[in-house]
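The structure under discussion appears below in the form of C-alpha cells.
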Amino acid sequence: MDGVTQTYQFATDHAFTATLASSKDLRYFGNWAINRDELIINVRSNSFSPTIVNHRETAHIARLSATTLVLKDRNRNDQPRERVFRKLN
C-alpha cells in the first residue's frame with residue numbers, strides 16, 4: 001500500500017500482525033516464511049471484515065540487517081516498488 005504507514009510484528013512461531021496507522025482498528029493476521037531470498041506472507045484474516053481473507057504475497061528480500069528489511073516486488077498496478085521496513089525499539 002503506497003503512502004500508508006504499517007507496523008508489522010513477525011513472531012518466532014511464524015505468525016504476523018500488520019497494523020495500519022488509523023483511528024480505526026485495521027489489522028491483518030497471518031503467517032510468514034522465508035524461502036531463499038523471498039519473504040512469503042499469507043494473510044488469513046483481519047480485524048475489520050467478517051469475510052474470510054486468504055491472500056498470499058511474495059517479495060524479494062533485497063537487504064536484511066539487524067535493523068532494516070528491504071523488499072522488492074510489484075504493486076497493484078504491476079509497477080516495481082521497493083519497501084523499507086525499520087525495526088522499532
Side-chain angles (χ1 to χ4, degrees):
M1 299 176 86
D2 297 17
V4 175
T5 300
Q6 299 177 341
T7 301
Y8 282 78
Q9 293 176 310
F10 294 97
T12 56
D13 67 354
H14 290 260
F16 85 91
T17 302
T19 305
L20 283 72
S22 173
S23 60
K24 298 178 182 178
D25 180 17
L26 302 176
R27 293 176 292 153
Y28 292 94
F29 309 97
N31 62 309
W32 64 274
I34 293 178
N35 184 11
R36 296 187 184 142
D37 62 349
E38 290 185 330
L39 174 64
I40 303 157
I41 294 177
N42 290 301
V43 177
R44 303 279 185 210
S45 62
N46 62 55
S47 64
F48 51 89
S49 173
T51 304
I52 296 175
V53 175
N54 195 6
H55 176 74
R56 180 182 174 127
E57 289 187 26
T58 302
H60 171 73
I61 301 170
R63 190 172 73 230
L64 177 62
S65 72
T67 59
T68 306
L69 169 63
V70 178
L71 298 178
K72 291 187 176 184
D73 61 358
R74 300 184 93 65
N75 66 17
R76 292 180 194 168
N77 298 320
D78 202 33
Q79 299 296 315
R81 69 176 172 178
E82 179 176 281
R83 296 183 286 168
V84 178
F85 299 86
R86 291 183 179 76
K87 183 176 181 178
L88 300 176
N89 294 330

message = Holding to salt bridge (Lys or Arg N to Asp or Glu O under 4.0 Å), I want the full list of residues that pass it with D13, two or more places apart in sequence or in another chain.
response = none

remark   = Sequence neighbours excluded, the answer for side-chain hydrogen bond (donor to acceptor under 3.5 Å, both in side chains) partners of N31 is R44

request  = Tell me, please, which residues at least two apart from E38 pass salt bridge (Lys or Arg N to Asp or Glu O under 4.0 Å).
outcome  = none

request  = Work out which heavy atom in V43 is nearest to a heavy atom in F16; give both atom names and the distance.
outcome  = CG2-CZ, 4.0 Å

request  = Only counting residues at least two apart or in another chain, list the ones meeting side chain to side chain contact (heavy atoms under 4.5 Å, CB included) with R74.
outcome  = D78, P80

key: side-chain hydrogen bond (donor to acceptor under 3.5 Å, both in side chains) involving R63 - partner list, sequence neighbours excluded   = none

message = Are L26 and Y8 linked, directly or through intermediate hydrophobic residues, by side-chain heavy-atom contacts shorter than 4.5 Å (ILVMFWY only)?
response = yes

task = Tell me, please, which residues at least two apart from R86 pass side-chain hydrogen bond (donor to acceptor under 3.5 Å, both in side chains).
result = none

D73 side, atom CG; R83 side, atom CZ - distance, nearest 0.5 Å = 4.5 Å

message = Tell me every residue that passes side chain to side chain contact (heavy atoms under 4.5 Å, CB included) with T12, counting only those two or more places apart in sequence or in another chain.
response = none

query = Listed by chain and number, what are the salt bridge (Lys or Arg N to Asp or Glu O under 4.0 Å) partners of R56, not counting sequence neighbours?
reply = none

message = Holding to side-chain hydrogen bond (donor to acceptor under 3.5 Å, both in side chains), I want the full list of residues that pass it with N35, two or more places apart in sequence or in another chain.
response = none

request  = Would you list the pairs meeting ring-ring contact (aromatic ring centres under 6.0 Å, His included) in which at least one residue belongs to residues 31-71, sequence neighbours left out?
outcome  = F10-W32, H14-W32, Y28-F48

query = Remaining members of V70's ILVMFWY cluster at a side-chain heavy-atom cut-off under 4.5 Å?
reply = V84

task = Under the salt bridge (Lys or Arg N to Asp or Glu O under 4.0 Å) rule, collect the residues that match up with D25, sequence neighbours excluded.
result = R27

